[in-house]
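Chain A is the first sequence line, chain B the second, and so forth, proteins listed ahead of strands; every chain is numbered from 1.
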There are 2 protein chains.
Amino acid sequence: MKISDIQKLVASYPRVPLTVDCVVFGFDENALKVLLIESDISVFEGKWTLLGDFVQDNETLDAAAHRIFRERTGMSDIYLEQVRAFSDPVRHPGGRVITMAYCSLVNIRHHTLRKLDNSLHWHTVHEVTDMAFDHQEIVQVCYTWLQRRIQEHPLGINLLPDKFSLRELQNLYEAILDVRLDRRNFRKKFFSMDFLIDTGEYEDDVPHRPGRLYKFDFDKFEKKKRKWIGIDFA
Amino acid sequence: MKISDIQKLVASYPRVPLTVDCVVFGFDENALKVLLIESDISVFEGKWTLLGDFVQDNETLDAAAHRIFRERTGMSDIYLEQVRAFSDPVRHPGGRVITMAYCSLVNIRHHTLRKLDNSLHWHTVHEVTDMAFDHQEIVQVCYTWLQRRIQEHPLGINLLPDKFSLRELQNLYEAILDVRLDRRNFRKKFFSMDFLIDTGEYEDDVPHRPGRLYKFDFDKFEKKKRKWIGIDFA
DNA sequence: ACAAAAGTGTTAGATCTACACCCATGT
DNA sequence: ACATGGGTGTAGATCTAACACTTTTGT
């Protein structure tokens with residue numbers, strides 16, 4: 001028996017409240033930060049939450065994530081990527097709410113130029129605690145996701161200014177991966193990938209020899225279709 | 001102003017119909033297959049769809065995926081992983097429906113031992129066409145996801161019998177990645193990772209010298225916490 | 001005996017790692 | 001002049017890629 005009134009079928013099924021939560025990472029003073037807002041819910045008084053909101057009827061999840069980010073921070077044109085859904089039936093005290101976590105990376109300097117809701121604050125990722133809902137877990141999952149992701153994709157560059165020195169880039173990787181890397185090997189690695197564009201400019205206002213400033217050639221990166229055959233489970 | 005009646009707040013927000021679709025991969029005759037069912041919806045007469053269903057009120061998405069898989073195939077205890085959500089507001093002719101895609105890997109031989117709904121069929125991934133909804137895109141995204149994932153995680157082993165020869169394993173990788181690999185190097189690679197357990201048994205019913213059969217040591221794999229520092233964008 | 005795939009080592013090239021000194025700038 | 005980080009090269013170890021022959025089984 002075929003189903004002909006599909007509208008009716010869809011209408012008959014359970015619907016769930018669906019939210020998007022943005023885990024917004026920034027990089028400042030050589031530490032990875034996450035942007036949080038004070039909870040406006042009584043039961044979570046004094047706790048911090050991610051930037052989130054319910055999904056509207058006529059928008060994609062990506063669009064919802066961009067909208068939420070824009071509404072809360074005034075910024076647009078930022079890097080956002082879906083990470084995963086959190087769907088424990090009792091994760092939200094108001095009842096069943098499923099949320100899709102998005103990871104976002106912004107340059108913290110651009111960000112602070114904007115007028116912001118003053119309940120927004122940057123928190124060092126390693127020191128975040130006292131979060132509402134399951135947001136602690138969401139931050140942790142996104143952080144782990146980011147650690148993997150920056151090793152195979154240059155998304156981390158979004159945390160830096162347009163023009164950046166190799167020192168800044170290395171500090172970024174060291175902070176996120178929580179390792180110490182050899183400076184010469186790090187440079188060789190990035191130069192050999194051949195995605196850095198030398199701007200010819202130099203750092204300014206540094207109390208030592210200024211470093212060269214580079215941009216990242218995202219177009220070139222996108223064009224190089226990567227076959228990447230290299231099985232390795234370790 | 002704090003929000004105190006959080007139940008009421010949640011109740012006031014839009015709800016969306018949410019489904020889970022399982023992309024079930026199998027491996028047979030050296031080709032990657034995907035398990036599809038004939039659509040029971042009039043507008044998609046003659047088209048194929050993934051195994052999907054609406055999410056119930058009190059289950060996680062993972063639980064929904066397992067339930068759907070069990071209901072349709074009779075199997076449990078299978079490998080399932082969340083891939084990503086598809087949320088185009090017009091992806092479903094019955095109205096706004098968001099779906100979460102899950103990738104599942106099963107051994108096609110175990111599978112066919114069960115009595116199955118006879119509208120279920122295995123299709124060669126490269127030849128799938130004429131699918132309902134956006135399921136073609138979902139299959140494509142999951143296939144691409146799988147190609148990456150099997151290079152860093154041994155989930156592909158779930159497509160093989162418990163005991164398998166290295167030839168079978170190599171055929172699997174060659175089929176999924178669509179490349180040709182050197183046999184000796186492939187063996188060296190897997191032996192050096194040291195996750196294969198030699199069962200001491202051999203293939204049977206092959207018209208040539210039988211190969212040794214191995215099991216994969218998933219416990220050992222899980223224990224080896226992988227640091228995996230190796231930046232590489234290419 | 002033949003067909004078919006199993007099993008096995010070596011070498012050259014590429015990549016990775018570890019490591020130390022001089023240079024340019026601000027104070 | 002000195003303190004600070006910028007910039008550079010090399011050698012040894014490791015990993016990767018390319019390559020051919022003998023062995024075992026079924027027919």
Rounded off to whole Å, could you give me the [atom1]-to-[atom2] distance for the [X] and [N] pair?
| X | N | atom1 | atom2 | result |
| --- | --- | --- | --- | --- |
| Phe186(B) | dG7(C) | CZ | C1' | 15 Å |
| Arg187(A) | dA18(C) | CZ | P | 19 Å |
| Leu181(A) | dT17(C) | CG | C1' | 12 Å |
| His208(B) | dA1(C) | NE2 | P | 23 Å |
| Asp204(B) | dA6(C) | CG | P | 15 Å |
| Asp232(B) | dC16(C) | CG | C1' | 12 Å |
| Leu196(B) | dG7(C) | CG | C1' | 15 Å |

task: Anything under 4.0 Å to a heavy atom of chain B counts; send over the first and last such nucleotide of DNA chain D, read 5' to 3'.
output: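 The contacted stretch runs from dT16(D) to dG26(D).
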message: Please check: side-chain N/O of Gln170(A) versus main-chain N/O of Leu181(A), any donor-acceptor pairing under 3.5 Å?
response: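 Looks like yes, one N/O pair under 3.5 Å.
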message: Here's a test of your reading of the structure: between Ile231(B) and Pro210(B), which maps to the more 5' nucleotide of DNA chain C?
response: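 Residue closer to the 5' terminus by nearest nucleotide: Pro210(B).
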message: By nearest heavy atom, map Asn185(A) and Pro207(A) onto DNA chain C; which one lands nearer the 5' end?
response: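 So the residue in question is Asn185(A).
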query: Among dA6(C), dA18(C), dC16(C), which nucleotide sits nearest the side chain of Lys188(A)?
result: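 Side chain of Lys188(A) sits closest to dA18(C).
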query: For dG7(C), does OP1 or OP2 lie under 4.0 Å from any side-chain N or O of Arg184(B)?
result: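 Answer no for this pair, as no side-chain N or O of Arg184(B) is under 4.0 Å from OP1 or OP2.
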message: Can you see whether Tyr214(B) has Arg212(B) sitting over its ring - NZ or CZ less than 6.0 Å from the centre and within 45° of the normal?
response: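 Geometry flag: not set, cation outside 6.0 Å or 45°.
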message: Does Arg167(A) reach a base, just sugar-phosphate, or nothing at all? Heavy atoms under 4.0 Å.
response: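 Counting heavy atoms under 4.0 Å across all strands, the contact made by Arg167(A) is with sugar-phosphate only.
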- prompt: So what does Arg212(B) touch, heavy atoms closer than 4.0 Å: a base, only the sugar-phosphate, or nothing?
  reply: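 Counting heavy atoms under 4.0 Å across all strands, the contact made by Arg212(B) is with sugar-phosphate only.
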